[in-house]
Amino acid sequence: MLEHNIVEADQTNLSEESYQEYWEIINEASSKFPYIKEILNKAMRETIELIEKDIYVDNSDAITPIGWVAGTFAEVSSYCNEISLRIYDKQQKEIDVEELDFNDIEDF
């Protein structure tokens with residue numbers, strides 16, 4: 001019971017309206033696969049923390065925690081992939097190509 005309250009408290013801190021749709025998907029997956037509920041919740045919290053640090057999920061050089069869960073637990077991969085796609089779509093809408101200054105980009 002105490003564990004559940006801790007998870008709910010953590011979820012509340014990171015569940016402003018903009019993240020609510022992701023938590024709904026996590027809750028659905030958790031209800032079907034309760035044995036990995038804690039892993040799903042932790043991965044979602046960590047993924048939201050990355051989003052808040054302006055890390056884009058379309059970066060092929062990095063795997064988000066929710067992406068790792070998708071690759072590790074096949075039974076919830078469709079849920080995790082749905083979240084990743086929604087995050088990607090949302091982040092793409094936030095990028096305004098006209099505001100990019102290509103002079104600020106360093107050559108690698």
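Just so you know, residue 1 is the first one in the sequence shown, and it goes up from there. All values derive from a computational prediction rather than experimental measurement.
Taking the side chain as every heavy atom from C-beta outward, K90 and S18 approach each other to under 4.5 Å. Taking 4.5 Å as the limit, every side-chain heavy atom of I83 sits out of range of all side-chain heavy atoms of Y88. Using a 4.5 Å heavy-atom cutoff, the side chains of V69 and Y79 are not in contact.
Here OG of S31 is found 11.0 Å from CD1 of I26. Values are rounded to the nearest 0.5 Å. Rounding to the nearest 0.5 Å places CD of E52 at 9.5 Å from CG of L50.
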So R86 and E82, salt bridge (charged side-chain N to carboxylate O under 4.0 Å, His left out) or not? Walk me through it. CA-CA 6 Å; R86 289 185 187 197; E82 178 65 26; 2.7 Å; yes

Please lay out, stage by stage, how Y22 and I87 fare under the test side chain to side chain contact (heavy atoms under 4.5 Å, CB included). CA-CA 9 Å; Y22 312 138; I87 293 169; 3.5 Å; yes

Under the criterion side chain to side chain contact (heavy atoms under 4.5 Å, CB included), I'd like the reasoning laid out for M44 against I25: C-alpha separation, chi angles, the key distance, then a yes or no. CA-CA 10 Å; M44 190 70 250; I25 296 170; over 6 Å; no

How far apart are the C-alpha atoms of K37 and L40, what are their side-chain angles, what is the distance that settles it, and do they pass the side chain to side chain contact (heavy atoms under 4.5 Å, CB included) test? CA-CA 5 Å; K37 178 180 180 176; L40 287 166; 5.6 Å; no

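A salt bridge links E46 with K42; the closest basic N to acidic carboxylate O contact falls under 4.0 Å.
Scanning for salt bridge (charged side-chain N to carboxylate O under 4.0 Å, His left out) contacts around E75 gives an empty result, with sequence neighbours left out. For S77, the side chain to side chain contact (heavy atoms under 4.5 Å, CB included) partners are A70, N81, not counting sequence neighbours. Looking at residues two or more places apart in sequence or on another chain, you find a salt bridge (charged side-chain N to carboxylate O under 4.0 Å, His left out) between K32 and E28.
Y19 is not connected to L85 by any chain of hydrophobic side-chain contacts under 4.5 Å among Ile, Leu, Val, Met, Phe, Trp and Tyr, and they are in different clusters.
Using a distance-only test at 3.5 Å, with no hydrogens or angles considered, a donor-acceptor pair links the side chain of T47 to the main chain of I66.
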